[in-house]
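Read the structure below first, then the notes.
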Amino acid sequence: MLKKNNRLKSKKAFIATYKNNNVINSEMFILHIGKNKTDKNCPTRVGFVVSKKVHKRAVKRNRIKRLLREVIRLMYKSNDTSTIDNYQSLIFTAKKEALEKTYHEVKNDILILLNKLAKKNIQ
RNA sequence: AAAAGUCGGCUGAUAAUUGCGCACCACAAUAUAUAACGGUGUGAGGAAAGUCCGGACAGCCAAAAUAGCAAGUUGCUUGGGAAAUCCAAGUACCCGUGAGGGUGAGGACAGUGCCACAGAAAAGUAGAAUGCUAAUUUGCAAUACUGCAAACAGCGAUUGUGCAACGGCGAGGUAAGAGCUCACCGCUGAUAUUGUGAAAUAUCAGGCAUGGUAAACCCCUGCUGGCUGCAAGUUUGAAUUUGCAAGAAGGUGCUAUUUCCGCUUUUUAUAAAGCUUGCAUAAAAAAACGCAAAAGACAGAUAAUUAUCUUAUUACAGAAUCCGGCUUAUACCCGACUUUCUGCC
RNA sequence: CGGGACGUAGCGCAGCUUGGUAGCGCACCUCGCUUGGGACGAGGGGGUCGCAGGUUCAAAUCCUGUCGUCCCGA
């Protein structure tokens with residue numbers, strides 16, 4: 001689980017992130033990117049969405065969320081967040097392909113996503 | 001042995017590293033009630049699910065005894081239970097070779113409806129299609145007995161239709177037949193005995209009068225104030241709207257003390273100051289409580305990785321106001337008792 | 001979390017109240033009409049009535065359970 005400062009919570013924040021219309025896809029996830037930061041001290045906030053359309057049962061949806069949180073958490077722990085730091089908010093949305101995957105599969109998929117993000121940043 | 005039946009148990013453990021929610025404690029900082037770090041404790045289920053019942057709790061409406069009407073609901077008996085489409089033991093019926101299992105188990109002489117097609121007829125002591133008839137009347141043959149034919153009538157046995165045809169079967173009886181009579185069985189009623197009771201057993205009587213359907217309307221019986229559900233509801237709160245008076249203008253998902261983007265005033269410029277206040281009114285953003293005897297939030301914790309043990313990296317599956325039930329979904333393993341149409345000895 | 005609807009032919013819908021025959025439009029197939037196509041006319045095929053159990057002589061319809069889809073309440 002992430003620390004409180006790094007969680008995206010309010011409904012307004014979610015809507016504002018979606019409205020920014022900056023999206024990257026991977027095999028398992030969709031990443032919505034918020035606005036660039038204006039203040040470097042403000043923490044980046046991350047939200048996770050797994051809709052009921054992915055799976056009907058809450059257990060399997062929770063499992064996906066937990067794996068996602070764990071990947072992001074370990075990134076913060078190892079200070080490997082340079083690709084993220086410029087944004088106010090991020091939202092990870094799971095696709096159906098994310099079902100029944102192990103931790104390592106999820107981690108690799110997210111690394112691919114973040115590489116795409118870094119390339120976009122350079123451009 | 002195999003195949004079954006009934007009743008249960010379990011729903012992984014340990015260690016290491018990295019983490020999260022909540023409660024309490026301590027410390028410092030800002031500053032006077034809070035965030036991070038630290039310590040201690042604690043942290044999903046047998047179904048948490050479906051929301052099918054019953055409550056607690058809350059608000060609104062109605063009303064207080066009692067009675068009636070309406071509405072809803074219950075439906076074999078006894079006991080348990082706050083209550084229940086609840087539980088236990090029994091009764092009756094049904095299913096199974098059996099151990100056992102199942103049951104929405106009052107009433108179809110209170111009334112109404114329906115029973116397609118077929119069939120004469122689908123409930124009205126109905127009807128004569130296929131049929132039966134040595135009675136009665138007439139005709140013919142004949143001494144007569146009798147035979148043949150027709151009429152009037154009798155019949156509900158036979159054939160046929162149908163899920164279902166007005167008790168079943170046998171004997172007597174009769175022109176042919178018929179509970180018309182009798183035995184047995186079924187049904188209905190009464191009495192006696194046993195049992196708390198549902199009922200059971202026995203005896204007697206009736207003479208069949210009562211087709212099915214109430215998960216059709218309904219009737220009877222017992223019970224119940226009704227409706228809405230924690231998005232119930234309670235409290236705090238004063239952003240904002242409108243009007244009046246003064247007035248320069250604010251904006252945003254977050255961070256913003258006017259610190260970011262803008263605006264106004266003053267000033268050559270840097271820069272500085274300011275971006276509301278009071279009264280009345282409308283509406284109700286938001287927060288807390290509700291909501292926790294050791295889970296308990298509000299984008300929502302209970303986790304991730306590795307190793308060892310093990311059947312177990314595994315089935316079904318994630319608390320959201322709280323309890324009592326029911327129903328449904330469930331992998332592997334373990335225990336106890338029981339049965340036999342079956343196979344072998 | 002609570003409340004409420006709906007599952008019938010490839011698609012969109014009737015029928016369910018009051019149980020016995022599953023029907024309508026578009027689409028599809030065949031034939032006709034046309035030089036050819038469309039339109040039009042005639043004929044035809046296609047449905048475990050979401051699934052399972054029960055009541056009944058008989059269930060799309062009545063009852064119970066279950067699966068799925070959708071809507072409403074901040």
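Here is the naming used below: chain letters follow the sequence lines, and residue numbers restart at 1 for every chain.
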Please name all residues satisfying side-chain contact (heavy atoms from CB on, under 4.5 Å) with [X], sequence neighbours left out, ordered by chain then number.
| X | value |
| --- | --- |
| A/R61 | A/V50, A/K52, A/A58 |
| A/I110 | A/F29, A/L68, A/V71, A/V106, A/L114 |
| A/N62 | A/R66 |

Could you state the [atom1]-[atom2] distance from [X] to [N], rounded to the nearest angstrom?
| X | N | atom1 | atom2 | value |
| --- | --- | --- | --- | --- |
| A/L68 | B/C20 | CG | C1' | 16 Å |
| A/K60 | B/A49 | NZ | P | 18 Å |
| A/I64 | B/G318 | CD1 | P | 14 Å |

Whole-Å [atom1] distance, [N] and [M]:
| N | M | atom1 | answer |
| --- | --- | --- | --- |
| B/G5 | B/G101 | C1' | 9 Å |
| B/G278 | B/U267 | C1' | 33 Å |
| C/G25 | C/U8 | C1' | 15 Å |
| B/A47 | B/A88 | P | 15 Å |
| B/C220 | B/G106 | C1' | 8 Å |
| B/U91 | B/U194 | C1' | 15 Å |
| B/U257 | B/A245 | C1' | 31 Å |
| B/U73 | B/C219 | C1' | 16 Å |

What is the base-pairing partner of [N], counting Watson-Crick and G-U wobble geometry with both distances under 3.5 Å?
| N | answer |
| --- | --- |
| B/C322 | B/G55 |
| B/C223 | B/G72 |
| B/G177 | none |
| B/G290 | none |
| B/A64 | none |
| B/U201 | B/A192 |
| B/C298 | none |
| B/U268 | none |

Quiz item: Partners of A/K60 by side chain to side chain donor-acceptor pair (under 3.5 Å), sequence neighbours excluded?
Solution: A/E100
With syn defined as a glycosidic angle within 90° of 0 and anti as everything else, classify [N].
| N | answer |
| --- | --- |
| B/G12 | anti |
| B/G300 | anti |
| B/A303 | anti |
| B/A144 | anti |

Using nucleotides 303-305 of chain B, report all nitrogen or oxygen pairs with the protein that are shorter than 3.5 Å.
from, atom 1, to, atom 2, distance (Å)
B/A304, OP1, A/R63, NH1, 2.0

Practice problem: May I ask whether A/L31 and A/L67 are part of the same hydrophobic cluster, defined by side-chain heavy atoms of I, L, V, M, F, W, Y residues being less than 4.5 angstrom apart, directly or through others? | Solution: yes
Quiz prompt | Side chains of A/V59 and A/R63 in contact at under 4.5 Å (non-hydrogen atoms) | solution = no
Quiz item: Should A/I24 and A/L113 count as side-chain neighbours, where that means a heavy-atom distance under 4.5 Å?
Solution: yes
Quiz item: Which string of ( ) [ ] | and . matches RNA chain C, if you list each base 5' to 3' and count Watson-Crick or G-U pairs only when both distances are under 3.5 Å?
Solution: ((((((((.[[[[.)....(..]]]].(((((.......))))).....[[[[[..)....]]]]]))))))).
